[in-house]
J.: 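This is the structure I want to talk about, given as structure tokens.
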Amino acid sequence: MKKILTFILSAASILAAQSCCEIEDGWTDIDSWPAPAKKYEPRTDYTFNHPCMLHSASDLDYTKSHLGQEPWAEAYNKLLTSDFCNANYKPRPVEYLARLDAGNWGDGGGRWDDAGIRDLFYPGIHNNYVNFYQDCAAAYQLGLKWKLAGDGQAAAAAINILQEWAKVNKGLLLGRGPRFKDEPVDPNEYLIMFQIHQAANAAELVRDFNDWDKSDEFKQVVTWMTEHFYPFCSKFIATNINDHSWMNWDLASMTAMLSIAILGNDMDKVNEAILHFKMGLGPGCIMRKGVIEVSDDPSGTGEKLAQGNESGRDQGHNVLCAAMLGAFCQMAYNIGEDLFSFEDGRAIAFAQYIAKYNLVKPELGKDYDSGNLTDASFRYPESSMPFKEYSYNGGTMTKISAAGRGNVRPCWDLWAGYCKSHNVKATYIQQMAEHFRPDGGGGHYGGNSGGFDQLGFSTLMHHRE
């Protein structure tokens, strides 16, 4: 009987958990999971031909062979001139990572006492994950420079960033009681997982530099991610089943889990992440709560559009879901699991829906003010979008949300590259990629977390002729 170390619960397990609150010995039998309409093999053995996360060796070779052509040349220049692609970059690791609501945690008030962590307080600690997302962007960009230009100084700088975090950081800021005992003190800390797949991808890019992946320091980096972040990812996707946290929360943990697993050659964790995508009970599952409904495109393209979990919430988070789901599918693809084509391209239909609604008219260019947009600013009016009313997180969404419409996330050439190389017609993905090509990465889209939640540089690494 096949088993996998995981916190993911089947429907029967959930009923049992209401009385016992845990899985015996931390194990669950994945053969007994309920299947969706089609039966899927519960356990798959994948191949780790490193590098094999967001970028395979063939991906890197393809990009290198096109650096003298457009749009790769301009995209490469964006990388080389980035403030974060600097071999002199110095990391700023912190002992405990925090991403806390400033109103509750910013002034060192009573909650710090309730959580038993008053001794850890210092001004700014509630928002110190800024250090992490900037350092992760730097490590990744330096890793790309190593792979594309053979720059050893860039590789060494990336490794230094990762090793310093592994030495200093002890994971998330957890409570010590009487409240939040051994738990994140604020749910927003789970969103720090956006950066874990970035750190792991950086490590994957430089693992071959001077045989770093054979060193104790590399093992320390893998152990740091596995011990301090994986357990929270696993627990979160197992328990986010009551229509409370939105899809982007699951995707943060799923991408973190999959990347940690690939970095450490951990087949069980790979299966845990991918099976959650296929048949989990939370909004990260493309077959259940992640997609509300799949429709024919009303505009007559003959393509499918899949309305997502955050479509009625706002477009900032909805577009973020496209970026994160793309990263998840690409990482799975590079170890032999094509999730882009899964269930007749359900993920592509998901990205198509988001692209169609958020695509501005060509005359607005790339640098528009999204705060001044109206329905007339977009290529496709709201009336061209299918929408099924649904309830989630205590509210009922009666129409597609215009809040944040036109949000920019550097991810679209990842989707377009797959579609182009696999002869998949994807009108809106292609138009979105063309509009923003070439995209940049961390540091090119503002200084807040929205500009760093995704790695970017999708044109440089994923555009295909």
J.: Are His66 and His463 an aromatic pair by the rule of ring centers under 6.0 Å?
T.: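 Ring centroids of His66 and His463 are no less than 6.0 Å from each other.
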J.: Is NZ or CZ of Arg464 both nearer than 6.0 Å to the six-membered ring centre of Tyr62 and within 45° of the ring axis?
T.: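 Yes, a cation-pi geometry holds between Arg464 and Tyr62.
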J.: Return the orientation label for the Trp165 and Phe132 ring planes: parallel under 30°, perpendicular over 60°, tilted otherwise.
T.: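 Geometry flag for Phe132 against Trp165: tilted rings.
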J.: Just checking, is any N or O donor in the side chain of Trp72 or Asn77 under 3.5 Å from an acceptor N or O on the other one?
T.: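 No, no side-chain donor-acceptor contact under 3.5 Å.
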J.: Between the side chains of Tyr129 and Gln195, is a donor N or O closer than 3.5 angstrom to an acceptor N or O?
T.: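 No - no donor-acceptor pair under 3.5 Å links their side chains.
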J.: For Tyr368 and Gly406, indicate whether the former's side chain and the latter's backbone hold a donor-acceptor pair under 3.5 Å.
T.: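 Looks like yes, one N/O pair under 3.5 Å.
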J.: With a 4.0 Å cut-off on N to O distance, would you call Asp268 and Arg43 a salt bridge?
T.: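 Result for this pair is yes, salt bridge flagged.
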J.: Got a donor-acceptor contact below 3.5 angstrom from the Asp439 side chain to the Thr459 backbone?
T.: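 Pair found, side chain donor or acceptor close to backbone of Thr459.
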J.: So that I can tick it off, tell me whether Asp211 and Lys214 are bridged by a salt bridge, with the cut-off set at under 4.0 angstrom between side-chain N and carboxylate O.
T.: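 A salt bridge links Lys214 with Asp211.
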J.: Would you tell me whether Asn160 and Gln163 have side-chain atoms, one donor and one acceptor, within less than 3.5 Å of each other?
T.: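 No pair is found: no donor N or O on one side chain lies under 3.5 Å from an acceptor on the other.
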J.: Indicate, with yes or no, if the rings of Phe84 and Phe452 have centres closer together than 6.0 Å.
T.: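 Aromatic pair counts; centres sit under 6.0 Å.
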J.: Checking Arg346 side chain against Ile286 main chain: does a donor-acceptor pair fall under 3.5 Å?
T.: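 Flag set: sc Arg346 to bb Ile286 pair under 3.5 Å.
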J.: Do the side chain of Ser82 and the main chain of Leu79 share a donor and acceptor less than 3.5 angstrom apart?
T.: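 No, because the side chain of Ser82 does not come within donor-acceptor range (under 3.5 Å) of the backbone of Leu79.
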J.: Tell me if a side-chain donor or acceptor on Arg313 pairs with a main-chain N or O of Tyr392 at a distance below 3.5 Å.
T.: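 No: the side chain of Arg313 does not pair with the backbone of Tyr392.
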J.: Whether the side chain of Tyr390 engages the backbone of Gly312 through a donor-acceptor N/O pair (distance < 3.5 Å, no angle test) should be reported.
T.: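 Present.
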J.: Keeping to residues at least two apart or across chains, list the side chain to side chain donor-acceptor pair (under 3.5 Å) pairs with something in residues 83-95.
T.: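 Qualifying pairs: Tyr89-Asp135, Arg92-Gln134, Glu95-Lys170.
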J.: Tell me the closest heavy-atom pair linking Ala416 and Ala433, and the distance in Å.
T.: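 The pair with the smallest heavy-atom distance is CB-CB, 3.8 Å.
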J.: Is Gln352 reaching over with its side chain to a backbone N or O of Tyr428, donor-acceptor style, under 3.5 angstrom?
T.: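 Confirmed, Gln352 side chain pairs with Tyr428 backbone.
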J.: Side chain to side chain contact (heavy atoms under 4.5 Å, CB included), that's the test. Do His126 and Asp107 meet it? Break it down for me.
T.: CA-CA 9 Å; His126 71 284; Asp107 62 356; over 6 Å; no
J.: For residues 183-194, which residue pairs qualify under salt bridge (Lys or Arg N to Asp or Glu O under 4.0 Å), counting only residues two or more places apart or in two chains?
T.: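 Sorted result for residues 183-194: Glu183-Lys235.
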J.: Answer yes or no: are there more than 12 heavy-atom neighbours, outside Gln220 itself, under 6.0 Å from its atom CD?
T.: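 Enclosed: over 12 neighbouring heavy atoms sit under 6.0 Å from CD of Gln220.
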J.: Would you please say whether a donor-acceptor pair under 3.5 Å links the side chains of Ser234 and Glu272?
T.: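 The answer is yes; a qualifying pair exists.
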J.: Does Gly316 offer a backbone N or O that forms a donor-acceptor pair with the side chain of Asp314 under 3.5 Å?
T.: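 Such a contact is found between Asp314 side chain and Gly316 backbone.
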J.: Using 30° and 60° as the class limits, which term best fits the ring planes of Tyr140 and Phe457: parallel, tilted or perpendicular?
T.: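 Aromatic pair Tyr140/Phe457 classed tilted.
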J.: Are Arg409 and Tyr445 in a cation-pi contact, defined as NZ or CZ under 6.0 Å from the six-membered ring centre and within 45° of the axis?
T.: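 The answer is no; the distance or angle limit is not met.
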J.: Do side-chain atoms of Asn318 reach the backbone of Gln315 as a donor and acceptor pair under 3.5 angstrom?
T.: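 Checked: no pair found.
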J.: Ring centroid separation for Phe436 and Trp412, is it under 6.0 angstrom?
T.: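 Here the rings of Trp412 and Phe436 have centres that are no less than 6.0 Å from each other.
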J.: Determine the interplanar angle of the Phe236 and Trp249 rings, folded into 0 to 90°, and report it as parallel if under 30°, tilted if 30 to 60°, perpendicular if over 60°.
T.: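 Aromatic pair Phe236/Trp249 classed parallel.
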J.: I'd like to know if the side chain of Lys289 and the backbone of Met247 have a donor-acceptor N/O pair within less than 3.5 Å.
T.: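 Judged by distance alone, no pair lies under 3.5 Å.
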J.: Would you call the rings of Phe340 and Trp415 parallel, tilted or perpendicular if under 30° counts as parallel and over 60° as perpendicular?
T.: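 Rings of Phe340 and Trp415: perpendicular, over 60°.
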